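What follows is a short report on a single structure.
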Amino acid sequence: MTDSRDRPVAVVIGGGNGIGEAVCRLMHERGWRVAVADIDADAAQRVAGDLETAAFAFDVADEAAVGDAAERIEGEVGPVAALVVAAAVFQDIVPTEDLPIAEWERILRIDLTGTLIANKAFGRRMVARRRGSIVNIASIAALGSMPAEAYGTSKAGVVHLTKNLAGEWGRAGVRVNAVSPGSTLVPRVEERLKSGRYAADPGDFTALGRMVRPMEVAEVVEFLASDRSSAMTGNNLVVDAGWHIAATWAQFGGVRDF
Ligand SMILES: NC(=O)c1ccc[n+]([C@@H]2O[C@H](COP(=O)([O-])OP(=O)(O)OC[C@H]3O[C@@H](n4cnc5c(N)ncnc54)[C@H](O)[C@@H]3O)[C@@H](O)[C@H]2O)c1
């Protein structure tokens, strides 16, 4: 049996729930040693406990805390080969003219600046070792338009940040890619669906006629984190069950039904 110390180390920030949790579970199954990181210490511990690995609790928007955590993770778990940033918060749907600036700044701070902070803290170590792969989770909100100004702007920023860092760190052997999920059936979204907080089933607007499953996003994340995608950097891979391409069919009555 392989010693767990031989496994490459992956850090998943936002690994305590939803898509990040699915990424932790799949990466563990595929032979990675996963450090589960989340602002919610209990959630991180629950996932890490299942995988018999280490949990780390910190706020991705706190630069000093992320720097300390990077130091600890590298010391206690090992040199980080892959970083996945899946931590984010969502915003209430309000008319933009009623969106408080404090709320805009809170969302940008966590979703965009937090991603930069994590990329800086772990990326500098990867650059020094001349090896590493970073996967930032963006969203279809980055591609189109939706009534979530701060969230969409943050995610568009995450895609651009990803391209910039891919250009900057490529010659140091560090790849940086993004994954943009469509509506994904994580427990948080399931609750919203049950409580009738969506005007319609998001799956109705996709080519495949359904929402995305967390493991389907995790598959693409793990691919980008691994050497199987060794010539890919600066990409934003969309995992949306065909939401984006189905939009233009709406004026023709929607995609063909079977
Ligand atoms: N679920 C979807 O439909 C969907 C669609 C598109 C994009 N995304 C993106 O996928 C990623 C994961 O979303 P999800 O749906 O799994 O959400 P989720 O709420 O289920 O999980 C997010 C995790 O991030 C953690 N987190 C939040 N703020 C944090 C902070 N400041 N520091 C550290 N951890 C923090 C939370 O505690 C939680 O465990 C996010 O980037 C989100 O924007 C999700």
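Start at 1 with the first residue, then count along the sequence. Keep in mind it's a predicted model, so treat the numbers as computed, not measured. Start at 1 and go down the list; that is how both ligands and their atoms are numbered.
Of all the atoms in ligand 1, the ones that sit under 4.0 Å from a non-hydrogen atom of Val60 are 30 (C), 31 (N), 32 (N), 33 (C). Within ligand 1, counting atoms from 1 as listed, the ones closer than 4.0 Å to a heavy atom of Asp59 are 30 (C), 31 (N), 32 (N). Within ligand 1, counting atoms from 1 as listed, the ones closer than 4.0 Å to a heavy atom of Ala86 are 11 (C), 12 (C), 40 (C), 41 (O).
In this structure, Gly182 is part of the shell of residues with a heavy atom less than 4.0 angstrom from ligand 1. Under the 4.0 angstrom criterion for non-hydrogen atoms, Ala138 is in contact with ligand 1. Using a 4.0 angstrom heavy-atom cutoff, Glu21 does not count as in contact with ligand 1. At least one heavy atom of Ser183 sits under 4.0 Å from some atom of ligand 1.
The nearest protein atom to atom 27 (C) of ligand 1, hydrogens excluded, is given as Ala88 O, 3.6 Å; this is a heavy-atom distance. For atom 43 (O) of ligand 1, the nearest non-hydrogen atom of the protein is Tyr151 OH, 2.5 Å. Among all protein heavy atoms, the one lying closest to atom 29 (C) of ligand 1 is Ile39 CG2, 3.6 Å. Atom 39 (O) of ligand 1 has as its closest protein heavy atom Asp38 OD2, 2.6 Å. The protein heavy-atom contact nearest to atom 13 (O) of ligand 1 is Phe90 CZ, 3.8 Å.
Taking the centre and axis of the six-membered ring of Phe90, the NZ or CZ atom of Arg188 falls inside the cone set by 45° and 6.0 Å.
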Test side-chain hydrogen bond (donor to acceptor under 3.5 Å, both in side chains) on Arg197 and Ser195; report intermediate values, then the result. CA-CA 6 Å; Arg197 286 174 72 190; Ser195 63; 4.9 Å; no

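Of the N or O atoms in Asp40, none lie within a sub-3.5 Å distance of an N or O in ligand 1.
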